[in-house]
Peer 1: 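Below you will find the structure I want to go over with you.
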Number of protein chains: 2
Amino acid sequence: MIDAKNVTITDSEWEVMRAIWTMGQATSRELIDAMHELKGWSDSTTKTLLHRLIKKNAVEQTGDSRPYTFKPVVGEKESMSAAADDLFDHMCAMRAGSTIAQVIKTRELSKSDIAELQQILAEKAKDAPEMVQCNCLPGKMTCEEDS
Amino acid sequence: MIDAKNVTITDSEWEVMRAIWTMGQATSRELIDAMHELKGWSDSTTKTLLHRLIKKNAVEQTGDSRPYTFKPVVGEKESMSAAADDLFDHMCAMRAGSTIAQVIKTRELSKSDIAELQQILAEKAKDAPEMVQCNCLPGKMTCEEDS
DNA sequence: ATTGTTAGTTTACATCTGTAACCTGGAACA
DNA sequence: TGTTCCAGGTTACAGATGTAAACTAACAAT
């Protein structure tokens, strides 16, 4: 699995990736059917997305005979982390905490997920700063609003 | 502050919003200078983005005399939550936990941020499911890969 | 009144995205 | 051995996005 960092997967492409990741690998027919089922897309749409993903090196086409096999080149976890990082990189550092809080509140998490998060937090608490600085503007070191 | 849900703020626009949110409100000149400083953008670029944001109802222009004042219509926190939600909505539910874990590891969090997260997690742990199901494909109830 | 300066508005334009039709070469069938 | 079908490839096309030039209306200085 290659670094998902440099590959930008768009929303539609992301849908295809989810299918590929979940199936592990698949033929275009299987993917086309899955996408038709899931999103109502026409065959062409899935084909196009698949090609763009191949071009981006997110998916590879293997096999010698005609119904080729498509499989992921980038890992799901890495891609998800990259996407999340990308999101937080564009937000005010000062607000990351409350955003994460909101996400945790909203998402369904398993007992072990929660245990892992608690573990990480406990560790992180040891040398956590009293407060995180706003990094939106130079000079400006804090955001006014705060609700 | 209006619902940030329906407004899609693009990456570049997001940069402008950060400046506006941080400044609370500002004249176009101040914003143009800030963006020039931060991103090296030409005046026009910031102007265009400002206008698009106004059209999207993310920013409003107030004042009667010439140097008008621009101020946010959507809140920062709401927008950030909306963006985060949007991201997680497109990812496999089963992987949300590990993604959040990765984010927490990477980001800087203050002591109080951590305390809040721990608080939320403790509460959530009470009735957490043993495991979260993959929601990528119909039928398919779990993702194979798992690293 | 005339002119320059700046805030605000329109227009531009290449690339990216979402979505899909159409074409082509080989495999399956008649 | 000509016809059909389909996987794979090419082209299309409108709307979004990043980035910015050009134009116009107000205000300030002469």
Side-chain angles (χ1 to χ4, degrees), chain A residues 6-20 23 25-71 79 82-83 86-87 89-90, chain B residues 6-20 23 25-71 79 82-83 86-87 89-90:
Chain A
N6 307 316
V7 191
T8 307
I9 297 171
T10 72
D11 283 350
S12 304
E13 287 166 357
W14 195 270
E15 298 299 328
V16 177
M17 288 308 295
R18 285 180 69 175
I20 297 184
M23 298 167 117
Q25 67 171 55
T27 64
S28 65
R29 176 48 43 197
E30 296 173 315
L31 288 169
I32 286 172
D33 290 345
M35 289 305 112
H36 179 72
E37 169 87 7
L38 286 168
K39 320 285 296 181
W41 287 346
S42 85
D43 296 21
S44 310
T45 301
T46 302
K47 288 182 189 178
T48 300
L49 261 2
L50 255 181
H51 276 272
R52 287 183 183 167
L53 286 167
I54 289 170
K55 189 165 297 168
K56 287 182 182 180
N57 256 297
V59 165
E60 68 177 343
Q61 201 180 190
T62 62
D64 41 344
S65 62
R66 214 45 183 346
Y68 301 125
T69 298
F70 295 83
K71 54 183 67 166
S79 298
D86 195 58
L87 177 74
D89 279 347
H90 288 295
Chain B
N6 308 315
V7 190
T8 307
I9 297 172
T10 72
D11 284 348
S12 302
E13 287 166 357
W14 195 270
E15 299 299 328
V16 177
M17 288 308 296
R18 285 179 69 177
I20 297 184
M23 298 167 114
Q25 67 169 56
T27 63
S28 65
R29 176 49 43 195
E30 297 172 315
L31 288 169
I32 287 172
D33 290 345
M35 290 305 112
H36 179 73
E37 170 85 6
L38 285 168
K39 320 285 295 179
W41 287 345
S42 85
D43 296 22
S44 310
T45 301
T46 302
K47 289 180 187 179
T48 300
L49 262 1
L50 254 182
H51 276 271
R52 287 184 182 164
L53 286 167
I54 288 171
K55 189 165 297 167
K56 287 183 183 180
N57 256 298
V59 166
E60 69 177 344
Q61 202 179 187
T62 62
D64 41 344
S65 61
R66 213 45 184 340
Y68 300 126
T69 297
F70 294 84
K71 54 182 67 166
S79 298
D86 195 58
L87 177 75
D89 279 347
H90 288 295

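Quick note on labels: first sequence line is chain A, next is B, and so on, each numbered from 1.
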Peer 1: Are any of the side-chain heavy atoms of A/V16 and A/I9 separated by less than 4.5 Å?
Peer 2: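 Result no, sub-4.5 Å side-chain heavy-atom pair not found.
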
Peer 1: Would you mind reading off the distance between B/D64 atom CG and C/dG8 atom C1', rounded to a whole angstrom?
Peer 2: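 Rounding to the nearest Å, CG of B/D64 and C1' of C/dG8 are 15 Å apart.
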
Peer 1: Return the value, rounded to whole Å, for the distance between atom NE2 of A/H51 and atom P of D/dG9.
Peer 2: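 Those two atoms, NE2 and P, are 4 Å apart.
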
Peer 1: Indicate yes or no for a side-chain donor-acceptor contact from B/E30 to the backbone of B/T27 under 3.5 Å, with no hydrogens or angles considered.
Peer 2: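 Flag set: sc B/E30 to bb B/T27 pair under 3.5 Å.
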
Peer 1: Between A/R29 and D/dA7, is there a side-chain N or O to OP1/OP2 distance below 4.0 Å?
Peer 2: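 Indeed, a polar side-chain atom of A/R29 lies that close.
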
Peer 1: How many Å lie between CG on B/D43 and P on C/dT5, as a whole number?
Peer 2: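 After rounding, the gap between these two atoms is 15 Å.
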
Peer 1: Determine whether A/F70 and A/Q61 make a side-chain contact, defined as any pair of heavy atoms from C-beta on separated by less than 4.5 Å.
Peer 2: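 The answer is yes; the side chains approach within 4.5 Å.
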
Peer 1: Rounded to whole angstrom units, what separation is found between the CH2 atom of B/W14 and the C1' atom of D/dG18?
Peer 2: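 Going from CH2 in B/W14 over to C1' in D/dG18 covers 17 Å.
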
Peer 1: Sugar-phosphate atoms are those with a prime plus P, OP1 and OP2; base atoms are the rest. Using that split, label each nucleotide of nucleotides 12-24 of chain C B, S or - for protein heavy atoms under 4.0 Å, 5' to 3'.
Peer 2: B----SBBBBB--

Peer 1: Among A/R18, A/K56, A/R52, whose salt bridge (Lys or Arg N to Asp or Glu O under 4.0 Å) with A/E13 holds?
Peer 2: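 Single salt bridge (Lys or Arg N to Asp or Glu O under 4.0 Å) partner of A/E13 among A/R18, A/K56, A/R52: A/K56.
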
Peer 1: Report the distance from atom CG of B/L50 to atom P of C/dA7, rounded to the nearest whole Å.
Peer 2: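 Taking CG of B/L50 and P of C/dA7, I get 12 Å after rounding.
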
Peer 1: Any side-chain N or O of A/Q61 less than 4.0 Å from the OP1 or OP2 oxygen of D/dG9?
Peer 2: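 For A/Q61, the contact criterion (side-chain N or O under 4.0 Å from OP1 or OP2 of D/dG9) is met.
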
Peer 1: Measuring only between side-chain heavy atoms, which start at C-beta, is B/M35 closer than 4.5 Å to B/T45?
Peer 2: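 No, side chains not in contact.
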
Peer 1: Whole angstroms only, please: what is the CD1-P distance between B/I9 and D/dG18?
Peer 2: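 In whole Å, D/dG18 P lies 12 Å from B/I9 CD1.
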
Peer 1: Quick one: A/L53 CG to D/dG9 P, roughly how many Å, whole number?
Peer 2: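 Distance check: A/L53 CG to D/dG9 P gives 14 Å.
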
Peer 1: Quick check: do A/L87 and B/D86 have side-chain heavy atoms less than 4.5 Å from each other?
Peer 2: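 When only atoms from C-beta onward are counted, B/D86 and A/L87 do not touch, as no gap falls below 4.5 Å.
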
Peer 1: May I have the distance from B/L31 (atom CG) to C/dG8 (atom P), rounded to whole angstrom?
Peer 2: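 These atoms are roughly 10 Å apart.
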
Peer 1: Picking from C/dT9, D/dG8, C/dG8, which would you name as closest to the side chain of B/S28?
Peer 2: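 The nucleotide sitting nearest to the side chain is C/dG8.
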
Peer 1: Please examine the side chains of B/L31 and B/M23, heavy atoms only from C-beta on, and report whether any two atoms are closer than 4.5 Å.
Peer 2: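 They are in contact (side-chain heavy atoms under 4.5 Å apart), so the answer is yes.
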
